[in-house]
Amino acid sequence: MKIQMNVPLVEMDGDEMTRIIWSMIKERLIEPFVDLKTEYYDLGLENRDATADKVTRDAAEAVKKHRVGVKCATITPNAQRMEEYNLHEMWKSPNGTIRAVLDGTVFRAPILTKCVSPVVKNWKKPITIARHAYGDIYRATEYRVPEKGKAELKFTGESGEEYCETVYDFECPGVLMAMYNKDSSIESFARASFEYALSTKQDLWFSSKDTISKKYDGRFKAVFAEIFENEYKEKFEKAGIEYFYTLIDDAVARVIRSEGGFIWACKNYDGDVMSDMVSTAFGSLAMMTSVLVSPDGNFEYEAAHGTVTRHWYRYRAGEKTSTNPIATIFAWTGALKKRGELDGTPELTDFAERLEKATLATVEDGYMTKDLALLSETEVKKVCETLEFIKEIRSRL
């Protein structure tokens with residue numbers, strides 16, 4: 001008899017090679033064992049274009065309703081993609097749209113195996129990136145400056161008071177961007193980071209560049225400091241953990257010299273870049289968990305990597321690929337564990353934990369995809385194509 005689910009997951013399908021892997025995982029590792037209930041949304045680029053991206057907003061609202069979602073990797077189109085897919089518009093990042101609706105914080109951490117040691121040899125423990133999930137360049141307004149002229153920043157208050165400042169007197173064409181954030185989202189980011197640090201008993205670092213961005217980044221620094229002093233200082237002392245702020249360039253140096261085992265909170269773009277750096281240094285972009293946590297207790301799980309475009313083109317040409325599915329598997333298991341926890345169905349949580357153990361056991365038994373085989377410090381018995389690797393996991397599950 002299959003394991004039962006009482007409440008559906010919000011399932012968000014994606015693009016390219018990860019979309020193929022997504023269906024393999026469902027069909028071979030989950031549906032044979034779980035009576036899987038999902039509310040399905042197709043976030044593939046073609047459907048986002050056909051729905052004017054309404055499907056992405058609907059999926060985000062569904063996560064607010066059902067509290068747990070799992071998302072496949074998706075394309076954020078550029079000019080090349082716009083032409084390739086014949087898009088009506090260069091749609092914004094679906095992750096950015098979902099983060100804006102949920103107003104959450106993204107926590108990303110490496111998946112560790114015994115056969116791959118971090119490139120940074122003194123790293124002994126995982127480093128978790130807490131990425132602010134709202135605003136900044138992901139919700140920015142951009143403009144191509146066509147000619148010589150003056151660019152101004154104008155704000156009109158609800159009271160009618162106006163503020164205007166010259167951004168730049170353009171002596172030639174150029175580009176212009178305006179980005180924003182808001183106190184309520186920064187406060188949610190800070191509290192989520194402090195709460196996650198307490199729950200995992202890890203030190204929390206926060207970094208930005210307030211020496212250059214004195215008002216924008218300075219606001220982040222001030223909010224973190226105020227909330228910590230008023231709400232979390234005593235809790236951190238009692239838990240025996242530390243919070244501190246440092247400039248992001250100093251943080252990079254500290255991170256490289258550390259042994260890991262802490263949470264590094266970053267603004268939106270910083271977190272995007274640094275999570276890729278951390279995951280690569282720990283082994284592979286395909287070995288990184290990612291969960292978006294909203295202030296009101298909603299969770300959206302996904303892989304931290306992209307759609308593996310290069311492998312997709314090869315797959316489409318009829319070639320077999322050795323694409324690592326582990327981060328996508330862990331997105332599913334993370335969502336199933338949280339669903340089991342929230343719904344009081346421990347057998348669902350137990351299944352997800354067993355699937356994670358079977359996945360790591362497969363690698364540690366010497367069966368792995370090419371990316372891990374190139375990094376492995378233990379015997380590689382077989383470099384598996386994607387489907388072969390999933391079959392090896394199934395045999396252990």
Side-chain angles (χ1 to χ4, degrees), residues 4-12 36-41 43 56-71 94-109 128-135 138 181-202 204 206 223-224 227-228 230-232 235-236 239 241 243 263 265-266 268 271 275 289-304 330-353 356:
Q4 297 300 301
M5 289 180 62
N6 298 329
V7 182
L9 294 171
V10 178
E11 177 188 352
M12 293 165 273
L36 186 63
K37 292 182 174 65
T38 71
E39 187 170 309
Y40 179 86
Y41 293 86
L43 267 57
T56 305
R57 298 187 294 274
D58 289 346
E61 291 295 337
V63 174
K64 292 173 73 173
K65 176 183 176 182
H66 296 297
R67 299 190 63 191
V68 183
V70 58
K71 179 182 171 294
N95 288 348
T97 299
I98 293 166
R99 289 167 192 151
V101 172
L102 296 181
D103 189 23
T105 296
V106 178
F107 294 92
R108 291 180 171 174
T128 301
I129 301 291
R131 176 186 172 190
H132 187 214
Y134 182 81
Y138 297 86
N181 225 294
K182 56 184 184 179
D183 283 4
S184 59
S185 183
I186 301 170
E187 290 163 5
S188 295
F189 172 40
R191 288 192 175 92
S193 299
F194 290 131
E195 289 288 347
Y196 197 81
L198 285 171
S199 68
T200 58
K201 298 291 191 295
Q202 295 183 87
L204 174 66
F206 174 57
V223 168
F224 265 76
I227 290 177
F228 178 72
N230 293 338
E231 300 178 32
Y232 289 97
K235 295 177 182 178
F236 269 53
I241 58 176
Y243 164 72
I263 300 165
C266 299
N268 208 345
S275 64
T289 64
S290 180
V291 55
L292 175 70
V293 183
S294 75
D296 49 351
N298 302 312
F299 301 82
E300 183 240 3
Y301 295 82
E302 61 180 323
F330 272 63
W332 273 103
T333 57
L336 291 171
K337 283 193 290 186
K338 181 55 68 174
R339 185 80 280 164
E341 175 190 323
L342 293 177
D343 301 344
T345 50
E347 60 275 13
L348 187 60
T349 300
D350 177 67
F351 166 77
E353 290 173 348
E356 290 180 355

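What you see below is based on every heavy atom in this structure, not just the backbone, and it leaves out hydrogens, waters and symmetry mates.
Counting all heavy atoms, side chain and backbone alike, Ala133 lies closest to Gly104 at CB-O, 2.7 Å. The minimum heavy-atom distance between Ala335 and Gly69, with the atom names listed, is CB-O, 4.1 Å. Nearest approach of Leu198 to Lys235, heavy atoms of both residues: CD2-O, 3.8 Å. Of all heavy-atom pairs spanning Leu102 and Ala60, the tightest one is CD2-O, 3.8 Å.
In this structure the side chain of Thr38 never reaches within 4.5 angstrom of the side chain of Val10, judged on heavy atoms. In this structure the side chain of Arg339 reaches within 4.5 angstrom of the side chain of Val7, judged on heavy atoms. Side-chain atoms of Asn298 and Val68, non-hydrogen and from C-beta on, never get closer than 4.5 Å to each other. Taking 4.5 Å as the limit, every side-chain heavy atom of Glu353 sits out of range of all side-chain heavy atoms of Thr333. Taking 4.5 Å as the limit, some side-chain heavy atom of Gln202 sits within range of a side-chain heavy atom of Thr128. For the pair Glu11/Lys71, no side-chain contact is recorded, criterion being any heavy-atom separation below 4.5 Å from C-beta on. A 4.5 Å side-chain heavy-atom check between Gln4 and Thr345 finds every atom pair outside the cut-off. Between Asp103 and Ser294 there is no side-chain heavy-atom pair separated by less than 4.5 Å.
In this structure, the salt bridge (Lys or Arg N to Asp or Glu O under 4.0 Å) partners of Lys37, at least two apart in sequence or on a different chain, are Asp35. Residues satisfying the side-chain contact (heavy atoms from CB on, under 4.5 Å) criterion with Thr56, sequence neighbours excluded, are Leu43, Arg48, Asp53, Pro94, Thr97, Ile98. For Ala192, the side-chain contact (heavy atoms from CB on, under 4.5 Å) partners two or more places apart in sequence, or in a different chain, are Thr105, Phe107. Remark: Asp58 pairs with Lys54 by the salt bridge (Lys or Arg N to Asp or Glu O under 4.0 Å) rule, at least two apart or across chains. In terms of the side-chain contact (heavy atoms from CB on, under 4.5 Å) criterion, residue partners of Ser290 (sequence neighbours excluded) are, by chain and number, Val106, Arg108, Glu302, Ala304. A search for side-chain contact (heavy atoms from CB on, under 4.5 Å) contacts involving Ser184 returns Lys182, not counting sequence neighbours. Listed by chain and residue number, nothing satisfies the salt bridge (Lys or Arg N to Asp or Glu O under 4.0 Å) test with Glu347 (two or more places apart in sequence, or in another chain). Residues passing the ring-ring contact (aromatic ring centres under 6.0 Å, His included) test with Phe299, sequence neighbours excluded: none. Contacts of Glu39 classified as salt bridge (Lys or Arg N to Asp or Glu O under 4.0 Å), with partners at least two apart in sequence or in another chain: none. Looking at residues two or more places apart in sequence or on another chain, you find no ring-ring contact (aromatic ring centres under 6.0 Å, His included) involving Phe330. Every residue meeting the side-chain hydrogen bond (donor to acceptor under 3.5 Å, both in side chains) condition with Glu341, not counting sequence neighbours, appears here in chain and number order: Lys338.
Counted by atom type alone, Ser193 and His132 present zero donor-acceptor pairs between their side chains at under 3.5 Å.
No donor-acceptor pair closer than 3.5 Å links the side chain of Ser275 to the backbone N or O of Ile129.
For the salt bridge (Lys or Arg N to Asp or Glu O under 4.0 Å) condition, the pairs that include at least one residue of residues 187-201, sequence neighbours left out, are Arg191-Glu231.
Ring centers of Phe206 and Tyr243: at least 6.0 Å apart, outside the cut-off.
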**Message:** Run Trp332 and Tyr301 through side chain to side chain contact (heavy atoms under 4.5 Å, CB included) and show every step you take.
**Reply:** CA-CA 7 Å; Trp332 273 103; Tyr301 295 82; over 6 Å; no

**Request:** Test side chain to side chain contact (heavy atoms under 4.5 Å, CB included) on Val223 and Phe189 and set out the steps.
**Result:** CA-CA 10 Å; Val223 168; Phe189 172 40; over 6 Å; no

**Trace of the side chain to side chain contact (heavy atoms under 4.5 Å, CB included) decision for Leu9 with His66** = CA-CA 7 Å; Leu9 294 171; His66 296 297; over 6 Å; no

**Request:** Before giving the answer on side chain to side chain contact (heavy atoms under 4.5 Å, CB included), spell out for Arg131 and Asn268 the whole-Å C-alpha distance, their side-chain angles and the decisive distance to 0.1 Å.
**Result:** CA-CA 6 Å; Arg131 176 186 172 190; Asn268 208 345; 3.0 Å; yes

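Remark: Leu204 CG to Ile241 CD1 distance equals 8.0 Å, nearest 0.5 Å. Once rounded to the nearest 0.5 Å, the distance linking CG of Leu336 with CG of Leu36 reads 7.0 Å. Distance check, rounded to the nearest 0.5 Å: OH of Tyr134 to CZ of Arg99 gives 14.0 Å.
Remark: Lys65 NZ is loosely packed, at most 12 non-hydrogen atoms of other residues, nucleotides or ligands lying under 6.0 Å away.
Between Glu356 and Lys337, at least one side-chain N (NZ, or NE/NH1/NH2) sits under 4.0 Å from a carboxylate O, which counts as a salt bridge.
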